[in-house]
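To start, the structure under review is shown below, and the notes come after it.
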Amino acid sequence: QNQLLIARLDALAHTDPMTETANRRAMENVLESAIQQKKTFTVIMLDVDYFKRYNDSYGHQAGDDCLTRVAQVLKQSVRTPEDVVSRYGGEEFVVILFDCPEKLATQVAARIQESLRTAAIAHEASTVSEYVTVSMGIAGFAPGMSASQIIAQADAALYRAKEAGRNRWLS
């Protein structure tokens with residue numbers, strides 16, 4: 001019974017309750033562990049385009065529902081159960097794809113985009129699309145990089161994607 005309680009507390013400590021994805025702490029632990037074990041991986045950092053406008057137009061409850069639906073799309077778009085979908089903060093998510101070169105990660109990014117189009121979550125306040133879209137930054141891990149460096153690289157690519165017009169990915 002104690003083991004069950006410990007497992008439940010661990011899940012609570014490492015899961016974002018709203019989106020049911022890994023939380024930021026869990027994501028950072030996964031990255032550190034992967035680096036220590038010398039695993040290969042690629043990171044996709046993504047941000048819901050014009051999310052503040054979404055909240056302003058539809059309200060915060062609808063915004064929470066939107067993030068939950070985006071998280072479902074992300075979980076369905078990864079390749080394997082080992083891949084990790086996590087909420088980074090606010091409307092930002094990080095996807096960690098193990099044994100995945102950057103070229104394959106772009107296929108996952110395309111699948112995320114297509115799945116969001118299919119989900120057709122209305123976003124009338126967006127200037128990109130009538131539906132919710134995301135901008136993504138892709139960064140491949142290289143030996144010698146720290147977790148914060150890979151995140152910074154993905155974040156920089158994400159902001160370049162946003163500056164290039166949103167609803168796209170760059171690496």
Side-chain angles (χ1 to χ4, degrees), residues 10-36 39-56 60-98 100 102 104-113 115-116 119 121 123 126 128 132-142 145-164 166-171:
D10 186 62
L12 287 172
H14 294 97
T15 304
D16 177 67
M18 184 176 68
T19 61
E20 296 181 351
T21 62
N23 64 19
R24 186 170 176 165
R25 177 185 312 137
M27 181 272 305
E28 289 170 347
N29 290 342
V30 168
L31 283 179
E32 292 295 340
S33 176
I35 290 168
Q36 288 174 356
K39 290 185 176 182
T40 60
F41 60 90
T42 298
V43 169
I44 301 175
M45 179 176 267
L46 60 99
D47 186 70
V48 177
D49 292 327
Y50 297 112
F51 189 70
K52 183 183 180 332
R53 291 181 187 178
Y54 190 96
N55 269 343
D56 291 347
H60 291 280
Q61 289 290 96
D64 289 352
D65 182 54
C66 172
L67 293 177
T68 299
R69 292 179 67 190
V70 168
Q72 289 169 347
V73 164
L74 298 177
K75 289 188 278 188
Q76 293 166 356
S77 298
V78 295
R79 304 159 314 121
T80 71
E82 287 76 37
D83 293 339
V84 176
V85 174
S86 63
R87 187 166 177 205
Y88 191 69
E91 69 275 10
E92 284 186 314
F93 292 87
V94 169
V95 179
I96 304 169
L97 305 167
F98 290 100
C100 179
E102 282 187 56
L104 275 178
T106 63
Q107 293 175 10
V108 174
R111 190 164 45 244
I112 290 168
Q113 239 184 3
S115 295
L116 278 173
I121 306 165
H123 189 348
S126 173
V128 177
V132 167
T133 60
V134 295
S135 297
M136 297 175 266
I138 300 173
F141 175 73
M145 291 178 83
S146 68
S148 60
Q149 287 172 317
I150 187 85
I151 290 296
Q153 200 172 77
D155 192 42
L158 165 63
Y159 278 91
R160 287 193 308 275
K162 290 171 91 166
E163 288 172 356
R166 302 181 192 243
N167 192 26
R168 68 192 69 227
W169 64 86
L170 290 174
S171 50

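Both backbone and side-chain heavy atoms feed into the values below; hydrogens, waters and symmetry mates do not.
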- Query: Can you find a heavy atom in the side chain of Val132 that is under 4.5 Å from one in the side chain of Tyr54?
  - Reply: yes

- Atom pair OH (Tyr159) and CE (Met45), whose distance is rounded to the nearest 0.5 Å: 8.5 Å

- Message: Using side chain to side chain contact (heavy atoms under 4.5 Å, CB included), reason through Ile150 and Leu31 one step at a time and then give a plain yes or no.
- Response: CA-CA 9 Å; Ile150 187 85; Leu31 283 179; 4.3 Å; yes

- Query: Which residues pass the salt bridge (charged side-chain N to carboxylate O under 4.0 Å, His left out) test with Arg24, sequence neighbours left out?
  - Reply: Glu28

- Asn29: what forms a side-chain contact (heavy atoms from CB on, under 4.5 Å) with it, not counting sequence neighbours? His14, Arg25

- Item | Residues which pass side-chain hydrogen bond (donor to acceptor under 3.5 Å, both in side chains) with Asp16, listed by chain and number, not counting sequence neighbours | Thr19, Arg87

- Task: Report yes if some heavy atom in the side chain of Glu91 is under 4.5 Å from a heavy atom in the side chain of Leu67; otherwise report no.
- Result: yes

- Query: Of all residues at least two apart in sequence or in a different chain, which pass the ring pair (Phe, Tyr, Trp, His ring centres under 6.0 Å) check with Phe141?
  - Reply: Phe41

- Those residues that, when tested against Thr133, pass side-chain hydrogen bond (donor to acceptor under 3.5 Å, both in side chains) (two or more places apart): Asp49

- Message: Taking salt bridge (charged side-chain N to carboxylate O under 4.0 Å, His left out) as the definition, give me every residue that meets it alongside Asp47, ordered by chain and number, with sequence neighbours left out.
- Response: Lys162

- Inter-residue atom distance Asp65.CG - Ile121.CD1, 0.5 Å rounding: 8.0 Å

- Note on the structure: What one should report as the nearest heavy-atom pair of Val73 and Ser115 is CG1-CB, 3.5 Å

- Any chance you could lay out the side chain to side chain contact (heavy atoms under 4.5 Å, CB included) test for Tyr50 and Val128, step after step, and finish with the verdict? CA-CA 9 Å; Tyr50 297 112; Val128 177; 3.5 Å; yes

- Minimum heavy-atom distance between Gly140 and Glu102, given as atom pair plus value: N-OE2, 3.3 Å

- Message: For Gln153 versus Ala139, what's the shortest heavy-atom pair and its separation?
- Response: OE1-CB, 3.5 Å

- Message: Could you work out, with side-chain hydrogen bond (donor to acceptor under 3.5 Å, both in side chains) as the rule, every residue matching Gln149, not counting sequence neighbours?
- Response: Ser146

- Closest heavy-atom pair and its distance - Leu104, Cys100: CB-SG, 3.6 Å

- Item | Residue list, salt bridge (charged side-chain N to carboxylate O under 4.0 Å, His left out) with Lys39, at least two apart or on another chain | none

- So OG of Ser77 and CD of Gln72: to nearest 0.5 Å the spacing works out to 11.5 Å

- Using the test salt bridge (charged side-chain N to carboxylate O under 4.0 Å, His left out), find all partners of Arg69 that sit at least two apart in sequence or belong to another chain. none

- Message: So Val134 and Val48, do their side chains get closer than 4.5 Å, heavy atoms only?
- Response: yes

- Message: Would you compute the distance between atom CD of Glu20 and atom NZ of Lys75 and round it to the nearest 0.5 angstrom?
- Response: 5.5 Å

- All side-chain hydrogen bond (donor to acceptor under 3.5 Å, both in side chains) counterparts of Thr40, not counting sequence neighbours: Asp99

- With a 4.5 Å heavy-atom cut-off, do Val78 and Leu74 have their side chains touching? no

- Task: Tell me, with the steps shown, if Arg53 and His123 meet side chain to side chain contact (heavy atoms under 4.5 Å, CB included).
- Result: CA-CA 9 Å; Arg53 291 181 187 178; His123 189 348; 4.2 Å; yes

- Residues at least two apart in sequence or cross-chain that pass side-chain contact (heavy atoms from CB on, under 4.5 Å) with Ala164, listed by chain then number, are Arg168, Leu170

- Message: Could you walk me through whether Met18 and Thr68 satisfy the side chain to side chain contact (heavy atoms under 4.5 Å, CB included) test, starting with their C-alpha distance in whole Å, then the side-chain angles of each, then the deciding distance to 0.1 Å, before giving a yes or no?
- Response: CA-CA 7 Å; Met18 184 176 68; Thr68 299; 3.7 Å; yes

- Message: Are Trp169 and Leu46 packed together at the side-chain level, in the sense that at least one heavy-atom pair is separated by less than 4.5 angstrom?
- Response: no

- Item | Non-hydrogen side-chain atoms of Ile151 and Tyr88 separated by less than 4.5 Å | yes

- Query: Could you give the distance from CZ (Arg111) to OG1 (Thr106), rounded to the nearest 0.5 Å?
  - Reply: 10.5 Å

- For Ala105 and Ile44, work out which heavy atoms get closest and say how close. O-CD1, 3.8 Å

- Query: Got a donor-acceptor contact below 3.5 angstrom from the Asp83 side chain to the Thr80 backbone?
  - Reply: yes

- Item | Any donor-acceptor N/O pair, Thr15 side chain to Thr21 backbone, under 3.5 Å | no

- If you look at every heavy atom in Ser171 and Arg160, which pair is closest and at what distance? O-NH2, 2.9 Å

- What pairs with Gln76 under side-chain contact (heavy atoms from CB on, under 4.5 Å), at least two apart in sequence or on another chain? none

